Amino acid sequence: MTQYIPGQQLRRLLAASVTFAAPFALAACATAPAGPVAEAAPAPAAPAPVEPAPLSELVSQVDIPYETFTLPNGLTTIVHTDRKSPVVGVTIYYRVGSKSEPRGRTGFAHLFEHLMFGGSENVPNFDIPLEAAGSTSTNGSTWYDRTNYVETVPTGALDLALFMESDRMGHLLGAVTQDKLDKQRGVVQNEKRQGDNQPYGLVEYKIGDALLPIGHPYRHSTIGSMADLDAASIADVRNWFIDHYGPNNVVLVLAGDIDAATARPKVEHWFGDIPRGPDVELKPAMPLALDAPVRETMTDQVPVTRIYRAWTGPALTDPDAVPVAAGMYVLGGLASSRLDNALVRGDELAVSVSAGAEQHEQLSFLQIQMDVKPGVDAAMAEARFNQVIDDLVQNGPTEDELKRAATEIVSSQIGALELVGGFSGKGATLAEGKLYAGDPAHYKAELEELASLTPEEVKAALQRWLTRPAYTLQVVPGERTEDGATLGGWGDEDKVAPPAPDAKKPAPPLAEGPKREFPPVAPVGKLTFPAVEHATLSNGIEVSLARRTAIPKVSMAITFDAGTAADGGAKAGTQSLMMSLLDEGTTTRNAEEIAIEQERLGASIGTGAATDTSSVSMTALTANLVPSLELMADLVRNPAFAPEEVERVKSQRLAAIAQQQASPLGLARRALGPLIYGDTHPYGSVGAAGEPAVIEALTPAVLAQEHDSWLRPDNARITAVGDVTMDELLPALEKAFGDWQAPATAKPTKDFAVPVPPPSPRLVVIDRPNSPQSVLLFGRVLPLLGTDKGQEALDLANQVIGGGFLSRLNSDLREEKGWTYGISSGVSGVTGPRAFTVITPVQTDRTADSIKLILKDMEEFPAEKGVDDTELQRVTDGNIRSLPNSFQTNGQVLGALLENQDLGRPDDYYVNLPDIYRSIDAEQIDTAAAEYLQPERMVIVVVGDRSQIDDQLKTLNMPIEYMEASEL
């Protein structure tokens with residue numbers, strides 16, 4: 001479920017998740033319960049204490065060397081050299097965001113960001129040339145303080161990226177038309193509807209309104225109000241660009257396969273003739289204290305009561321910024337946080353808790369929240385919630401808590417060094433330091449301060465900020481009574497009439513500058529993919545290793561041939577619940593001890609069940625690899641399944657299922673599997689969360705049996721990527737897993753021979769009252785297995801129709817019609833029968849029109865419109881050129897290795913993939929589309945307000961079934 005918090009940055013693309021470059025931008029924790037360990041006889045001896053690497057040593061490893069220069073027009077450029085991949089991250093920060101918006105134009109900074117992708121005077125389309133050249137992460141986002149634009153390109157395409165960025169910086173306005181403005185207005189309004197349509201989706205507005213007075217720059221939401229978005233005009237666009245988008249308000253970062261000597265002449269050539277603009281004025285925007293505590297209750301279509309406490313807090317550069325953020329991390333960011341231990345594991349009053357400091361240039365938002373456990377008195381839970389908060393504020397953290405928090409934060413920053421570009425890479429870290437603190441290396445000062453913090457310093461900072469009056473918001477289940485369309489604006493809409501809608505008056509013509517030519521794009525070299533070594537433990541477990549030394553960390557996974565397919569429909573949720581209990585207590589450690597040990601080691605261990613495999617994954621510091629492996633092995637081999645833990649985790653899981661049932665997207669996804677695969681097929685379940693009745697019936701004995709049946713050495717393999725040699729890794733693995741013996745019983749199997757039901761095209765409608773959008777999910781099972789060879793043409797055909805921003809469906813439904821914030825299609829990457837799906841949220845009054853248009857676009861490919869030359873180049877050569885950027889991180893390489901294993905591919909599959917793509921022509925893509933991507937056999941799940949969509953759907957002349965959300 002997406003949670004919307006005050007100041008959430010808004011991005012152009014549907015699938016982007018919120019990430020943060022700064023170490024302390026947000027501390028949050030999704031909790032899982034723990035409890036007393038079950039007794040076992042005989043119990044393994046408790047492991048000897050381990051001594052993790054010193055924190056100072058870890059901090060010294062977080063380093064992003066850079067050089068900087070400034071052009072006469074004020075453009076500041078920062079260059080960081082990282083030669084591990086032949087790519088350059090291009091990151092541009094403009095010093096303008098939603099806090100610069102005037103009354104009546106809330107949401108405009110973000111709307112303008114969308115227009116920046118609509119083409120400039122010499123670049124008709126911003127995305128097509130970049131994707132053709134192999135760019136990835138081509139995107140933009142807007143938040144209070146800034147608007148940023150990112151792309152990571154092959155080194156040979158750097159001139160192209162700089163040319164295009166300079167063209168929209170210096171030559172945009174002549175290309176902005178009323179039609180473009182109207183279309184992007186529609187897209188942004190659907191982005192707002194999509195956020196509002198989520199459970200708790202209106203909370204962001206309430207918190208901003210409560211904490212800050214009308215007119216404060218950080219009060220209104222970045223998405224703005226519908227009325228203000230309707231009012232935006234071409235004149236506003238021109239004024240905004242002239243007033244804010246001058247080069248003197250920009251930080252440009254080039255990070256990757258580049259150096260300052262090479263970068264400077266390029267930047268001077270492309271940006272040097274752009275004139276300065278007005279300097280963006282930094283208006284007063286201090287954090288403010290409430291005069292007295294404020295409390296509100298809001299009814300919403302949510303499954304559990306959620307309680308928030310919020311304040312404004314210190315600015316990013318305030319002396320209290322680091323200690324307050326560290327204190328909030330101890331309170332609700334660590335897995336062993338105060339709130340987790342007291343409310344989730346201890347008193348069992350909550351199913352999840354979190355606390356975070358969301359930092360901005362001039363203030364921060366401090367937010368603590370709790371989801372009350374169903375059946376628990378909310379007042380009693382809140383009293384204990386407040387008691388835990390007050391205790392930390394009064395007494396401060398322990399030295400050990402603070403050290404664990406610092407170790408975890410620093411470890412995550414070491415991991416962030418792998419990415420050169422994107423929203424969370426090294427380019428963003430340097431840009432934000434320069435923009436907000438005047439120092440690209442501000443991250444280093446923060447981490448050094450964090451490492452030296454004392455409990456007294458944290459206590460004093462918390463007392464300065466969290467003893468002020470708080471805003472408390474309680475969101476309770478019921479019918480939604482507030483309309484998100486009227487929220488998010490200036491705040492005085494009840495007293496001041498909204499601005500008039502855009503009159504769409506013709507704008508005076510603008511003289512365009514001299515024509516500029518696209519630079520050539522250099523060819524890319526042969527893909528370098530790390531060599532894969534293989535070995536076998538003494539008990540037969542196969543081990544694969546890809547060594548990479550870019551950062552001192554190792555990512556690894558032990559995978560088991562199980563997954564949700566081991567459940568099918570009848571046992572849906574069993575496998576994933578069993579996996580989620582592995583870190584909730586072993587025969588020698590309880591859950592709190594497991595969490596604390598991970599934090600001390602700077603390790604992150606996760607458990608889960610995908611469709612075909614169950615896995616325990618770990619990212620560990622190389623210096624702490626051996627003790628981290630010992631901990632990982634204990635979780636895999638010795639789970640306790642203590643009755644108290646099982647009951648607690650079951651309660652959390654039931655709450656998670658309720659969250660899915662409250663989410664329109666969650667409902668659609670739960671419905672589709674059984675509809676297209678059938679209840680008896682391994683893939684015919686509601687998904688990993690499972691069925692409530694199944695979860696309720698699970699016992700410790702059943703879960704232990706599930707573990708012993710599927711998690712066994714003869715059903716396992718270990719895959720690792722990172723800074724370790726096989727000679728170092730193998731003895732450590734042998735010590736952790738080598739004496740683990742398989743039981744005498746045969747391995748269980750999954751029956752993929754179960755037939756799927758015959759295709760039955762129809763509409764399946766799920767009523768969700770008061771929804772401003774309808775979620776559409778199309779699906780069908782293909783006559784293909786994931787392990788079948790030669791399916792690359794199908795994957796490319798999917799990219800043409802719906803598998804990317806430039807796909808036909810997205811171009812039509814979003815960019816042309818403005819009916820959705822985004823649409824995507826996909827062919828599932830499972831080992832068994834693959835499914836083809838299309839998913840999108842659309843504005844309610846265009847539900848049937850959207851279905852018609854999607855069906856039309858699919859029918860026309862390729863019957864009336866085969867793949868064209870531009871599309872062919874993009875999905876073949878463009879994909880080839882983007883491959884180096886696909887393997888920047890250990891996690892990316894690990895994911896590729898695991899996929900190769902699951903689908904029976906050779907280790908060098910990705911090395912050979914460019915030749916496979918080069919061999920695919922338009923006819924092969926068209927043939928795949930004609931055979932597998934046609935809509936006539938698709939089930940269409942529609943989740944929306946029936947009172948608004950029933951009459952529309954009847955016009956489609958398709959069979960209609962109705963389902964209740966409670967059935968899912």
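Note that the structure is a prediction, hence the values are computed from the model and not measured.
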Which value, rounded to the nearest 0.5 Å, describes the distance between [X] atom [atom1] and [Y] atom [atom2]?
X      : Y      : atom1 : atom2 : answer
Thr138 : Ile128 : OG1   : CD1   : 12.5 Å
Leu933 : Arg780 : CG    : CZ    : 8.0 Å
Tyr149 : Met116 : OH    : CE    : 4.0 Å
Arg168 : Phe117 : CZ    : CZ    : 4.5 Å
Leu212 : Tyr218 : CG    : OH    : 10.0 Å
Ile766 : Arg946 : CD1   : CZ    : 11.5 Å

Can you tell if the side chain of [X] reaches within under 4.5 Å of the side chain of [Y], non-hydrogen atoms only?
X      : Y      : result
Lys865 : Asp857 : no
Arg762 : Ile960 : no
Ile851 : Val942 : yes
Ile207 : Tyr308 : yes
Thr820 : Pro841 : yes
Ile223 : His110 : yes
Pro199 : Asp300 : no
Lys180 : Gln184 : no

Can a side-chain donor-acceptor contact be found between [Y] and [X] if the only test is distance below 3.5 angstrom?
X      : Y      : result
Asn190 : Gln194 : no
Asp236 : Ser233 : yes
Gln369 : Gln367 : yes
Asn197 : Arg768 : yes
Gln189 : Asp230 : yes
Asp849 : Gln952 : no
Thr142 : Glu113 : yes
Tyr471 : Glu296 : yes
Ser825 : Asn798 : yes
Asp945 : Ser771 : no

Taking all heavy atoms of [X] and all of [Y], pick out the closest pair and write down the distance.
X      : Y      : answer
Glu482 : Leu202 : O-CD1, 3.6 Å
Ala863 : Glu859 : CB-O, 3.6 Å
Ala572 : Val686 : CB-CG2, 4.3 Å
Pro674 : Asp679 : CB-OD1, 3.4 Å
Gly119 : Ala175 : O-CB, 3.6 Å
Ile839 : Leu777 : CB-CD1, 3.8 Å

Between [Y] and [X], does any NZ, NE, NH1 or NH2 come within less than 4.0 Å of an OD or OE carboxylate oxygen?
X      : Y      : value
Arg185 : Asp182 : yes
Arg808 : Glu871 : yes
Lys954 : Asp950 : no
Lys817 : Asp812 : no

Say whether, by atom type as modelled, one donor and one acceptor occur between the side chain of [X] and the main chain of [Y] under 3.5 angstrom.
X      : Y      : result
Ser100 : Val96  : no
Asp926 : Val867 : yes
Arg146 : Gly97  : no

Among residues at least two apart in sequence or on other chains, which ones pass side-chain hydrogen bond (donor to acceptor under 3.5 Å, both in side chains) with Arg669? none
Check the pair Phe836 / Tyr932 against ring pair (Phe, Tyr, Trp, His ring centres under 6.0 Å), numbers first and verdict last. CA-CA 8 Å; Phe836 174 56; Tyr932 300 117; 9.9 Å; no
Derivation of the side chain to side chain contact (heavy atoms under 4.5 Å, CB included) call for Asp845 and Gln948: CA-CA 7 Å; Asp845 62 345; Gln948 303 297 315; over 6 Å; no
Parallel, tilted or perpendicular: rings of Tyr677 and Tyr683 (30°, 60°): perpendicular
According to the interplanar angle, ranging from 0 to 90°, do the rings of Trp240 and Phe112 count as parallel (below 30°), tilted (30 to 60°) or perpendicular (above 60°)? tilted
Taking atom CD of Glu964 as the centre, report whether more than 12 heavy atoms of other residues, nucleotides or ligands fall under 6.0 Å from it. no
Can you spot which of His114, Glu816, Glu815 makes a side-chain hydrogen bond (donor to acceptor under 3.5 Å, both in side chains) with Lys183? Glu816
Criterion side-chain hydrogen bond (donor to acceptor under 3.5 Å, both in side chains) on Gln773 and Asp196, from CA distance to verdict: CA-CA 9 Å; Gln773 285 185 322; Asp196 294 351; over 6 Å; no
Test side chain to side chain contact (heavy atoms under 4.5 Å, CB included) applied to Arg238 and Val176, step by step: CA-CA 9 Å; Arg238 292 182 177 182; Val176 178; over 6 Å; no
For residues 483-490, dump all side-chain donor-acceptor pairs below 3.5 Å to protein atoms at least two apart in sequence or in another chain.
unit_1	atom_1	unit_2	atom_2	d
Asp483	OD1	Ala485	N	3.0
Thr486	OG1	Asp483	O	2.8

